[in-house]
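Structure record follows, encoded as structure tokens.
Owing to the predicted nature of the structure, the values given are computational and were not obtained by experimental measurement. Just so it is clear: chains get the letters A, B, ... in the order the sequence lines come, proteins before strands, and each one is counted from 1.
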2 protein chains.
Amino acid sequence: MQPDQPVRTGRAKRLPRAVRERQIMDAAVDVFSRLGFHAASMDEISEVAGISKPMLYAYLGSKEELFATCIRREATVMMEAIANGIEPDQPPDVQLWSGLRAFFGFVGENRASWQVLHRQASSQGGPFAAELAEMRGRAVNLVAALLVHATKTQDVPSASEQEAESLAAALVGAGESLADWWLDHPDEPAGVVASRLMNLVWMGFGDLVQGNIWHPPSKRP
Amino acid sequence: MQPDQPVRTGRAKRLPRAVRERQIMDAAVDVFSRLGFHAASMDEISEVAGISKPMLYAYLGSKEELFATCIRREATVMMEAIANGIEPDQPPDVQLWSGLRAFFGFVGENRASWQVLHRQASSQGGPFAAELAEMRGRAVNLVAALLVHATKTQDVPSASEQEAESLAAALVGAGESLADWWLDHPDEPAGVVASRLMNLVWMGFGDLVQGNIWHPPSKRP
DNA sequence: AGGTGTACCTACTCACCAGTAGATTACTTG
DNA sequence: CAAGTAATCTACTGGTGAGTAGGTACACCT
């Protein structure tokens, strides 16, 4: 959350283009996340960014281009955060756990990013949703691969690609919407939310109601 | 999905108020679901409804009132569908199963309703999200009660209210977002989607990768 | 210092849309 | 069949916001 720039009067200090572009993007993510695409005005974005509207257009083009650019940037940053968080060469449950922790960690520290990325992008139709769908696709592939790998280490008929992918989609969806839910209940720490989802999707209610809990490896005997 | 009314010219046929109101609401749900709250215009809604704008205002008030009314109507209809679908006096897993089937059944046959209800309402802030949150609260309570009941029949320390409620929230969230995902993959039948979520949340990946599947009672030995 | 290009601004235009005023038509009931 | 009233229309206003035209100041190089 960017602190509101003090009300600017007169000319802004000269800055190199790259720096201004970053400032503008930050402001745009902030405003889009608070107001949504349509209700956000280019006037407000330029004001928050501390510059005038023509700068906005000169640097980042139309409102739609700006929004798409925001989505791409935030999506890339997030996917990198998750990819860096996963520990390969670990058993599937641990990989899933580290991925979930990285995901909720990112969302917790970049609420505006998540808001613009998920809620806004998916509720505007068209090219924006497509942008988002592509990123979700990458996430689903990640999880699906993990699942297939998990079944391969067992001596059961490995799940079909189709089956794995749809389960992965369900899990990714659960993560997305739990993150949305979390936005409205911000008091819980990230680790707790991540651990709840981990237990839900790895153990299932069937186990949980019998008191069987999943623990991270450090707590295993 | 309402078929577009043919382009209307001249006066619409006189109809009693109640009927017109229904037509208008149907049109509003259609347009809101396609375009979102802000991008939807009262002109377009009135056109799809086959009447002129002043009628809209005379019957349903302002744009915001209209939208809120849509949300309330659709939410009520959906909750009733689910409540009617659940079979009480059955074991917890069967109750959950029937609830999921009812939910996905409703979404499948009322895609526009779901879109306006979930995607649109949650991405507009303010009173709309509150309206939605209240309905989600009812759903969460339903599931949480079911969970608490399930643990009570076991001889384990029953989960805390807090724990049960957040797990319920996760499940409801998973359902919401799986429904969203389903909007973009409409080829799957409702039963299949419902069954996937059932397996995921009841059995968990941990069981699924070992080939343990949940079956509805009719297939049990 | 003077020139050159880039960062930056004020002040508009134009389109679109929520909401309304005031007139008009068609059922319905005595 | 004439009121009376409910349903409906056409045609406007006012405000807001995307996008732009045309100009000003600052920094750096020579």
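Proximity of a side-chain donor or acceptor of B/Trp182 to a complementary backbone N or O of B/Glu188 within less than 3.5 Å is detected.
Comparing D/dC9, C/dA7, D/dT8 by their nearest atom to the side chain of B/Ser52 picks out D/dC9. Distance from the side chain of B/Asp43 is smallest to C/dA18 among C/dA7, C/dA18, D/dA18. Here C/dG19 is the nucleotide among C/dC8, C/dG19, D/dA7 with the atom lying nearest to any side-chain atom of B/Lys63.
Remark: A/Ala179 engages A/Phe103, A/Phe104, A/Val107, A/Trp114 in a side-chain contact (heavy atoms from CB on, under 4.5 Å) (not counting sequence neighbours).
Summarising the geometry, the separation between CG on A/Leu35 and C1' on D/dT16 is reported as 14 Å, rounded to the nearest angstrom. Distance CD (B/Gln23) to P (D/dT8): 9 Å, rounded to an integer number of Å.
Because its NZ or CZ atom is not both nearer than 6.0 Å to the ring centre of B/Phe32 and within 45° of the ring axis, B/Lys63 does not count as a cation-pi partner of that residue.
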Protein heavy-atom contacts under 4.0 Å, written 5' to 3' over nucleotides 20-30 of chain C as B (base), S (sugar-phosphate only) or - (none), form the string BB--BBBS---

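With the end axes of the helix from C/dA1-D/dT30 to C/dG30-D/dC1 each set by five pairs, the angle from one to the other reads 0° at 10° resolution.
Of the side-chain N and O atoms in B/Arg20, one or more sit less than 4.0 angstrom from OP1 or OP2 of D/dT8.
Note that the CZ atom of B/Arg73 and the CG atom of B/Asp26 stand 5.0 Å from one another [nearest 0.5 Å].
Residue A/Ala39 is classed as having no contact, given no heavy-atom separation below 4.0 Å to the nucleic acid. If you check every strand for non-hydrogen atoms under 4.0 Å, A/Met55 touches a base.
Using a 4.5 Å heavy-atom cutoff, the side chains of B/Glu176 and A/Asp180 are not in contact.
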